[in-house]
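The block underneath contains the structure these notes are about, expressed in structure tokens.
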Amino acid sequence: MTLDSRLRDVETRLAAACARAGRKREDLTVIAVTKYVKTETASAAVRAGVRHIGENRWPDARDKWEALKGQAVFHYIGTLQTNKVKDVVGRFDYIHSLDRISLAEAIHKKAQALGIVVPCLIQVNVSGEESKHGLSPEQVPDLIRQLKPLAAVKPVGLMTMAPFDDEPERTRPVFRGLRELRDELNRAALAEAPLTELSMGMSNDFEVAVEEGATWVRLGTVLVGKEDLGAH
Ligand SMILES: *Cc1c(COP(=O)(O)O)cnc(C)c1O
């Protein structure tokens with residue numbers, strides 16, 4: 001499949017999922033996850049209209065960031081070690097993997113030094129699967145309270161990954177759970193501002209996530225494909 005046909009195909013599927021859920025397509029943003037493809041492919045995607053790029057390691061993202069900064073919004077979606085914060089803050093526009101106060105403190109410190117505020121999503125392990133990162137839903141209110149003094153870290157929403165399932169329909173409770181958690185947190189008004197974003201849905205399960213209210217889907221393989229990148 002060519003890049004253009006992939007982009008068109010995903011667009012058709014997104015439109016159908018939005019229609020099924022009675023949602024507007026413009027309330028949903030696609031993040032093209034480029035970790036499996038070369039810089040040329042990421043650039044071609046941007047030329048074809050992609051405006052958001054997701055990556056999960058700075059060393060792998062560096063080339064693409066150098067080539068495309070200013071032309072796309074960059075999302076850091078991978079696990080973030082505290083000692084890598086200096087590489088990420090100031091380069092990525094959003095961090096989707098905030099999962100502990102020590103990480104928030106490191107982001108705050110670096111962001112303050114740069115005079116910026118970093119919008120962050122709190123990563124939640126809704127399914128409870130052991131291999132998945134993120135806080136349990138019960139732990140999220142405490143983290144939000146602890147974020148209050150950190151003015152340079154702005155919580156804007158929640159992120160989750162569903163366990164891979166051959167039957168995407170079975171991931172629905174995970175996505176519904178994240179939406180319900182966001183709505184509960186907003187009712188409790190713990191954050192300075194309502195949490196608006198739900199970052200959920202990947203190649204295998206994005207249509208279900210859209211039906212359950214995703215505002216950002218993170219699409220790698222299905223959107224930009226997968227290439228042999230060799231050792232790096
Ligand atoms: C790799 C990755 C994606 C995209 O994966 P695909 O299944 O190829 O769409 C999305 N989110 C996160 C956090 C990832 O690491």
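All values derive from a computational prediction rather than experimental measurement.
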Answer with yes or no whether the hydrophobic clustering places [X] together with [Y]; edges join I, L, V, M, F, W, Y residues whose side-chain heavy atoms lie under 4.5 Å apart.
X: Trp65; Y: Leu80; value: yes
X: Val140; Y: Leu147; value: yes
X: Ile95; Y: Val153; value: yes
X: Tyr76; Y: Met202; value: no
X: Ile107; Y: Phe74; value: yes

Looking at [Y], is its backbone amide N or carbonyl O close enough to the side chain of [X] to form a donor-acceptor pair, meaning the two atoms are under 3.5 Å apart?
X: Asn204; Y: Asp165; value: yes
X: Asn125; Y: Ser136; value: no
X: Gln71; Y: Ala67; value: yes
X: Lys148; Y: Leu190; value: yes
X: Arg23; Y: Ala214; value: yes
X: Arg25; Y: Leu28; value: yes
X: Asn186; Y: Pro194; value: no
X: Thr2; Y: Ser5; value: yes
X: Arg51; Y: Val73; value: no
X: Thr160; Y: Val124; value: yes

Under 4.5 Å between any side-chain heavy atoms of [X] and [Y], yes or no?
X: Glu184; Y: Arg187; answer: yes
X: Val174; Y: Met200; answer: no
X: Ser199; Y: Arg218; answer: yes
X: Phe206; Y: Val30; answer: no
X: Asp27; Y: Thr215; answer: no
X: Val10; Y: Leu219; answer: yes
X: Thr79; Y: Asn56; answer: no
X: Ser203; Y: Leu223; answer: no

Nearest heavy-atom pair of [X] and [Y]: which atoms, and what distance?
X: Ala191; Y: Pro155; value: CB-CG, 4.5 Å
X: Val50; Y: Ala32; value: CG1-CB, 3.6 Å
X: Ile101; Y: Leu143; value: N-CD1, 3.7 Å
X: Leu14; Y: Val217; value: CD2-CG2, 4.4 Å
X: Gly177; Y: Val126; value: CA-CG1, 4.3 Å
X: Arg91; Y: Lys86; value: NH1-O, 4.5 Å

To the nearest 0.5 Å, how far apart are [atom1] in [X] and [atom2] in [Y]?
X: Lys154; Y: Leu98; atom1: NZ; atom2: CG; value: 14.0 Å
X: Ile122; Y: Gln139; atom1: CD1; atom2: CD; value: 11.5 Å
X: His52; Y: Ile31; atom1: NE2; atom2: CD1; value: 7.5 Å
X: Asp99; Y: Leu121; atom1: CG; atom2: CG; value: 12.5 Å

Can you pull the ring-ring contact (aromatic ring centres under 6.0 Å, His included) pairs that have at least one residue in residues 209-229, sequence neighbours excluded?
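Sorted result for residues 209-229: His75-Trp216, Tyr94-Trp216, His96-Trp216.
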
According to the ring-ring contact (aromatic ring centres under 6.0 Å, His included) rule, which pairs have a member within residues 142-199, sequence neighbours left out?
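As it turns out, there is no ring-ring contact (aromatic ring centres under 6.0 Å, His included) pair with a partner in residues 142-199 once direct neighbours are skipped.
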
Under 4.0 Å between a side-chain nitrogen and a carboxylate oxygen: does that hold for [X] and [Y]?
X: Asp142; Y: Arg145; value: yes
X: Arg182; Y: Glu197; value: no
X: Arg13; Y: Glu207; value: yes

Taking atom types as modelled and ignoring hydrogens, do the side chains of Thr82 and Arg100 form a donor-acceptor contact shorter than 3.5 angstrom?
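On atom types as modelled, these side chains qualify, holding a pair under 3.5 Å.
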
Holding to salt bridge (charged side-chain N to carboxylate O under 4.0 Å, His left out), I want the full list of residues that pass it with Arg172, two or more places apart in sequence or in another chain.
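Residues passing salt bridge (charged side-chain N to carboxylate O under 4.0 Å, His left out) with Arg172: Glu169, Glu211, Glu212.
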
For Glu138, check salt bridge (charged side-chain N to carboxylate O under 4.0 Å, His left out) against everything at least two apart and list the hits.
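Here no residue qualifies.
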
Side chain to side chain donor-acceptor pair (under 3.5 Å) with Glu130: which residues, sequence neighbours excluded?
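Glu130 satisfies side chain to side chain donor-acceptor pair (under 3.5 Å) with no residue once adjacent residues are dropped.
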
Who are the side chain to side chain donor-acceptor pair (under 3.5 Å) partners of Thr221, not counting sequence neighbours?
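With neighbours one apart ignored, the set is empty.
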
Could you please spell out the steps behind the side-chain hydrogen bond (donor to acceptor under 3.5 Å, both in side chains) verdict for Gln81 and Lys84?
CA-CA 5 Å; Gln81 291 168 286; Lys84 301 287 160 50; 3.3 Å; yes

